[in-house]
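The next block holds one structure in the form of structure tokens; read it before the comments.
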Number of protein chains: 2
Amino acid sequence: MAGKRVTLADVARRAGLSSTAASMILNGRPDTRLSQDAHDRVIHAAAELGYRPNLTARGLRTERTDTIGFISDVVATTRFASGLIKGALDNAHAAGHVLLVLETAGEPQREAEAVEAVLDRQVDGVIFATMRSRELYVPPVPDGTRVVLLNATNEQHPVSVLPDEYAGGRAAIELLAEAGHREGILLLGHDAEKERGLFRSMTVARRIAGIRDAMAERSLAFLAEESIWLWEPQNGYAAMTKLIKRHGRALQAIVALNDRLAFGAYQALAEAGLSVPGDVSIVSFDNDELAAYMRPGLTTIALPHEAMGRAAVDAVLDPDRTGEILVPMPVVERDSVAHVS
Amino acid sequence: MAGKRVTLADVARRAGLSSTAASMILNGRPDTRLSQDAHDRVIHAAAELGYRPNLTARGLRTERTDTIGFISDVVATTRFASGLIKGALDNAHAAGHVLLVLETAGEPQREAEAVEAVLDRQVDGVIFATMRSRELYVPPVPDGTRVVLLNATNEQHPVSVLPDEYAGGRAAIELLAEAGHREGILLLGHDAEKERGLFRSMTVARRIAGIRDAMAERSLAFLAEESIWLWEPQNGYAAMTKLIKRHGRALQAIVALNDRLAFGAYQALAEAGLSVPGDVSIVSFDNDELAAYMRPGLTTIALPHEAMGRAAVDAVLDPDRTGEILVPMPVVERDSVAHVS
DNA sequence: GGCCGGTGCTAAATCGATTTAGCAACACGC
DNA sequence: GCGTGTTGCTAAATCGATTTAGCACCGGCC
């Protein structure tokens, strides 16, 4: 494609009108007294010339750019991070906006740079996202700019989008209880005693609270709780190998605090000759890509990353949305939980 | 933070000079004859007021926005997609640029919209990325705009960044050969006969060519080749279950065409009571997240997603880069290949 | 005939930068 | 004392849109 871009002035000239008239007509301004004929001529000329407004120029005048800054500590390492982006992208597209994506690695220096980079480009709003949910430092932002925290909170900016972890935690226990499990349940990843006073993350705390409340309501107690600091497959494998030795067949169900731990548990159970869900049921959290690949498929409470990303964009664009926006965590039932009588 | 942004005019006023002078000084323009004193005053005033140029305004005048459009068919579903973005983000940041990320789901309609959306915002260049490497349709783009294809090619735009799949394919075979494997090698995922005339993807074709050339050079032949159209764990599992039955202990090594197939193969081997790498060695491609979680760790030829993303940004910013830019695929050695004598 | 109000449109200012063109003051050479 | 350069700086144009303020014309009414 060659030549320069068509400008509003070109359209106006072609229509035999001023660019004032062309601007008003193309923006559908109400209460202008421009004739029907003028409307027709401008719209026709614009179509004919393939006119598209230069948003840089418009932005300069209107201070609106139809662009949202999406600043994240991490974008690639987890499916969660990219899910947030995808959801945000979807709703931004639907609203005719576009996303400026920046990564900070969680370093305050880069966070500050990122904020400046997006403000220099006059974004309409900023979304701050984190992997590990937490109270997030937000560099100073001018008053008018709308800020939404995604999977994070901040005192000065009260608009946060979070997964409804409390309800998710309850759902995991409800699922096991409805399948008839009442005994021999193991909590893999957290021990109330050992981790007392340690801060893991805001949302994980709620997840665990949901689990414990649902247990208590049903007068259920865990057979064992195993604290694991890093929720990686290797650690899940090691912990489960030990626990199988200790508890043997008393072990009937596992609540794993994420899918990677569950994956490690599968490996340990297979080595010990125990089958899932025949001998042991497992329910977990996150719905990692992994969960679908495992055999049998892992039943898990999904982290609703895309829905969260979508909610964040909606919140940026709707000035009335405020406070904590909780996004439900869907229960993804596969084949790792057996019914017992 | 309150109040309006500081403008160049504010800085100039404070320094007691014209904004022309302030602009020239802050941009480090050569050959202006402005005094050292004027320099000091402007720089001092800018620092004092915390001046940051409005890039929208600058962009309007200079037609440069320090912004690159990153248009991808998919951003979230695979680690590959998000790796490309992360790499691009890294080098964009290093070069003081920022990325406008858009997703198209591979639909021409959305591709066209995406191009218009980024051009309307006067980006300095556009990167088109795909998951499945292919000749990509690129909507018309004005002459001056630099276009780079990432994991794709296009006739009109000769700048492409691709993984060096041919060398990667060779590397897989070299690895097995050096470990002493000469017989009982299975190619999992492709059968030359069955797939004749079918087009999978440009890069996969090169991968397979590298594999076959390296085999031929060493006068090696596959024990069997198994065509699998969709490279998912379930299909790898099914195919391997069948192949183990058919070939038994003759099977000594597997070249899996991606890690998800290898994962399925692991499951089938474990069920058949065969150990990796004791009974069967496996080498694979991609270096999915999965590969590190598997037991034993999977040796695989990595898809260099981040390096590719970085290379794409470099190519956009350097007008001299042209043609195919091949990014090496690193060999990631874990524990799935045994030495045999 | 003059005033009023409505209709249909446009000139010019504006956003915040960059860039072009050129002015005033001074030194120098002859 | 007069042209010629150099030095140090600025006024104004420009990019492409939006928006403010207001002009010219017409018809109707007294």
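To find a chain, count down the sequence lines: A is the first, B the second, and so on, and within it residues start at 1.
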**Item:** Residue-level proximity of residues 49-59 of chain A to DNA chain D when a heavy atom falls under 4.0 Å
**Value:** A:Y51, A:R52, A:P53, A:N54, A:A57, A:R58
**Request:** Evaluate salt bridge (Lys or Arg N to Asp or Glu O under 4.0 Å) for B:R52 paired with A:E113, printing each intermediate quantity in order.
**Result:** CA-CA 12 Å; B:R52 307 216 92 224; A:E113 285 174 19; over 6 Å; no
**Request:** Give one of base, sugar-phosphate or nothing for A:T62, where a contact means two heavy atoms less than 4.0 Å apart.
**Result:** sugar-phosphate
**Prompt:** Charged N to carboxylate O below 4.0 Å: is that the case for B:D10 and B:R14?
**Reply:** no
**Request:** Starting from the 5' end of DNA chain D, give me the residue, B:L17 or B:L60, whose nearest nucleotide shows up first.
**Result:** B:L17
**Complete:** Heavy-atom nearest nucleotide on DNA chain C taken for B:R33 and for B:T7; more 5' hit belongs to B:T7
**Request:** Mind listing the closest non-hydrogen atom pair of B:M308 and B:V161 along with its distance?
**Result:** O-CG1, 3.7 Å
**Request:** For A:S35, answer base if it contacts any base atom (sugar-phosphate contacts may also be present), sugar-phosphate if it contacts only those atoms, and nothing otherwise; contact means non-hydrogen atoms under 4.0 Å.
**Result:** sugar-phosphate
**Request:** For the pair B:T145 (side chain) and B:V141 (backbone), establish whether a donor and an acceptor sit closer than 3.5 Å, ignoring hydrogens and angles.
**Result:** no
**Asked** Can you find a side-chain donor-acceptor pair between A:T67 and B:R121 that sits under 3.5 Å?
**Response** yes
**Asked** Pick the nucleotide of DNA chain D nearest each of B:R61 and B:D37; which residue has the one closer to the 5' end?
**Response** B:D37
**Prompt:** Should A:R64 and A:D66 count as an ion pair when the cut-off is N to O under 4.0 Å?
**Reply:** yes
**Asked** Under a 4.0 Å N-O cut-off, is there an ion pair linking A:R310 with A:D314?
**Response** no
**Request:** Send over the distance from A:Q36 CD to C:dT7 P, rounded to a whole Å.
**Result:** 16 Å
**Boundaries of the chain B footprint along DNA chain D (any atom under 4.0 Å from a heavy atom)** = D:dT7 to D:dG16
**Message:** If only side-chain N and O atoms count, and only distance matters, is there a donor-acceptor pair under 3.5 Å linking B:T65 with B:Q122?
**Reply:** no
